[in-house]
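Take a look at the structure below.
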Amino acid sequence: MQGTASYEPFMNNGFGHLKTKTGNGSYIKNNSATHDFGIARHFKREHGVFTFAPTFTYSYGNYDAYLPSGARGSGNQQYGAGGVIIRNFNNSGFYYEGSVRAGRSHAKYVTDDFPLTGHPHMSYTTNAPILLGHLRVGNQWRLGKNNVLDVYGYYAYARQGSSDTELNVGNHVSFSSTDIGRLRTGY
């Protein structure tokens, strides 16, 4: 690749709180944090800049689940994933970027709200592979000295693989894989 190259370390941090209602009166409260670390290498070329960045992501959170019956459970989840981010930005304002990351997820769930089963305290721990990725395509137009209009399309994908575990009371449980995709457009 022709042109000059430079390196830039980076770190992104995100924190969130989410309350999700399921429709039957139950809901889940989730607190989470995600940290991305990496080193970006920028290649300056005649028509723009191409960026290649190996990255590592670490995310963790805790959640509480509430059922209409008053039953409650809680747990935590964390994952680590390594991958790469690429971005190509043309001097015309057109750009595209994408990423792919792979790693493992670890989750623990505990509840004391099953007294009728003869085992009021139930818990499990799971480990599963994960795959994350995104693709973004857009164009930027300069509107004066300090303003930029950025019109883009963005697709994010996440997959958590299947896993098997044992409840602390001896029952075997299998979890199916989960796929999530989100499409967003904006400016």
Side-chain angles (χ1 to χ4, degrees), residues 1-23 27-63 76-107 128-162 175-187:
M1 197 172 283
Q2 296 180 353
T4 61
S6 63
Y7 294 90
E8 180 181 7
F10 66 88
M11 182 170 121
N12 295 317
N13 297 297
F15 303 92
H17 174 75
L18 181 66
K19 181 177 178 181
T20 305
K21 295 181 181 180
T22 63
Y27 62 94
I28 299 170
K29 288 183 179 180
N30 180 296
N31 295 301
S32 62
T34 301
H35 310 287
D36 288 308
F37 309 90
I39 297 177
R41 184 166 186 192
H42 306 287
F43 297 92
K44 293 182 182 177
R45 300 174 300 151
E46 182 181 340
H47 299 290
V49 177
F50 178 79
T51 302
F52 176 84
T55 185
F56 179 76
T57 302
Y58 176 69
S59 181
Y60 55 92
N62 58 58
Y63 53 90
N76 58 63
Q77 183 171 10
Q78 59 185 337
Y79 74 81
V84 66
I85 301 169
I86 63 161
R87 180 179 171 108
N88 191 63
F89 192 91
N90 291 335
N91 295 334
S92 67
F94 174 75
Y95 68 90
Y96 61 87
E97 67 180 37
S99 71
V100 63
R101 297 176 180 93
R104 290 204 68 79
S105 160
H106 174 81
I130 58 168
L131 178 66
L132 310 163
H134 90 279
L135 177 64
R136 180 176 173 142
V137 177
N139 204 85
Q140 294 182 352
W141 292 273
R142 183 153 298 283
L143 305 175
K145 184 178 178 183
N146 296 319
N147 297 306
V148 174
L149 174 63
D150 185 355
V151 178
Y152 65 89
Y154 179 89
Y155 180 74
Y157 173 79
R159 177 182 180 82
Q160 180 168 305
S162 60
F175 292 95
S176 298
S177 60
T178 303
D179 295 285
I180 300 171
R182 295 285 183 262
L183 178 63
R184 182 175 73 204
T185 60
Y187 60 90

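Side chains included, hydrogens not; waters and symmetry mates left out as well; all remaining heavy atoms used.
- Sorted by first and then second residue, the side chain to side chain donor-acceptor pair (under 3.5 Å) pairs with a member in residues 140-149 read Gln140-Asp150; sequence neighbours excluded.
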Worksheet entry | Intermediate values then yes/no, side-chain hydrogen bond (donor to acceptor under 3.5 Å, both in side chains), Thr51 and His42 | CA-CA 4 Å; Thr51 302; His42 306 287; 2.9 Å; yes

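- With no hydrogens or angles considered, no side-chain donor-acceptor pair links Gln77 and His106 at under 3.5 Å.
- Looking at Phe50 and Ile86, their side chains come closer than 4.5 Å, going by heavy atoms from C-beta outward.
- Thr34 contributes atom OG1, which lies 10.5 Å from atom OH of Tyr58 (distance to the nearest 0.5 angstrom).
- A donor atom on one side chain and an acceptor atom on the other are not found under 3.5 Å apart for Asn91 and Arg45.
- Geometrically, Arg104 does not engage Tyr79 in a cation-pi contact defined by less than 6.0 Å to the ring centre and at most 45° from the axis.
- Thr55 places a side-chain N or O within 3.5 Å of a backbone atom of Phe37 that can act as its donor or acceptor partner.
- In this structure, Lys19 forms a cation-pi arrangement with Tyr27, its terminal cationic atom sitting closer than 6.0 Å to the ring centre and no more than 45° off the ring axis.
- Rounded to the nearest 0.5 angstrom, Ser59 OG and Leu132 CG are separated by 9.0 Å.
- Proximity of Val84 to Val100: side-chain heavy atoms (C-beta onward) are separated by under 4.5 Å at one or more points.
- Between Arg101 atom CZ and Ile130 atom CD1 the span is 10.0 Å, to the nearest 0.5 Å.
- For the pair Asn76 (side chain) and Asn62 (backbone), a donor-acceptor distance under 3.5 Å is absent.
- Here the closest heavy-atom approach between residue Tyr63 and residue Asn30 is recorded as CB-ND2, 4.1 Å.
- Using a 4.5 Å heavy-atom threshold, the side chains of Phe89 and Phe94 count as separate.
- With hydrogens and angles left out, the side-chain atoms of His134 and Ser99 include a donor and acceptor closer than 3.5 Å.
- Between Ala40 and Ala53, the shortest heavy-atom distance links the atoms CA-CB, 3.8 Å.
- Between Val151 and Asn139 there is no side-chain heavy-atom pair separated by less than 4.5 Å.
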Fill in: Residues Phe56, His35; criterion ring-ring contact (aromatic ring centres under 6.0 Å, His included); working and verdict
CA-CA 8 Å; Phe56 179 76; His35 310 287; over 10 Å; no

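- Ser162 and Pro129 get closest at one heavy-atom pair: O-CD, 4.2 Å.
- Remark: Asp36 CG to Thr57 OG1 distance equals 3.5 Å, nearest 0.5 Å.
- No cation-pi contact links Arg41 to Phe52, judged by a cut-off of 6.0 Å to the six-membered ring centre and 45° from its axis.
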Sequence neighbours left out, cut at 3.5 Å: what donor-acceptor pairs do the side chains of residues 178-187 make with other protein atoms?
from: Asp179; atom 1: OD1; to: Tyr157; atom 2: OH; distance (Å): 2.5
from: Asp179; atom 1: OD1; to: Arg159; atom 2: NH1; distance (Å): 2.8
from: Asp179; atom 1: OD2; to: Arg159; atom 2: NH1; distance (Å): 2.8

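- A 4.5 Å side-chain heavy-atom check between Gln160 and Ser177 finds every atom pair outside the cut-off.
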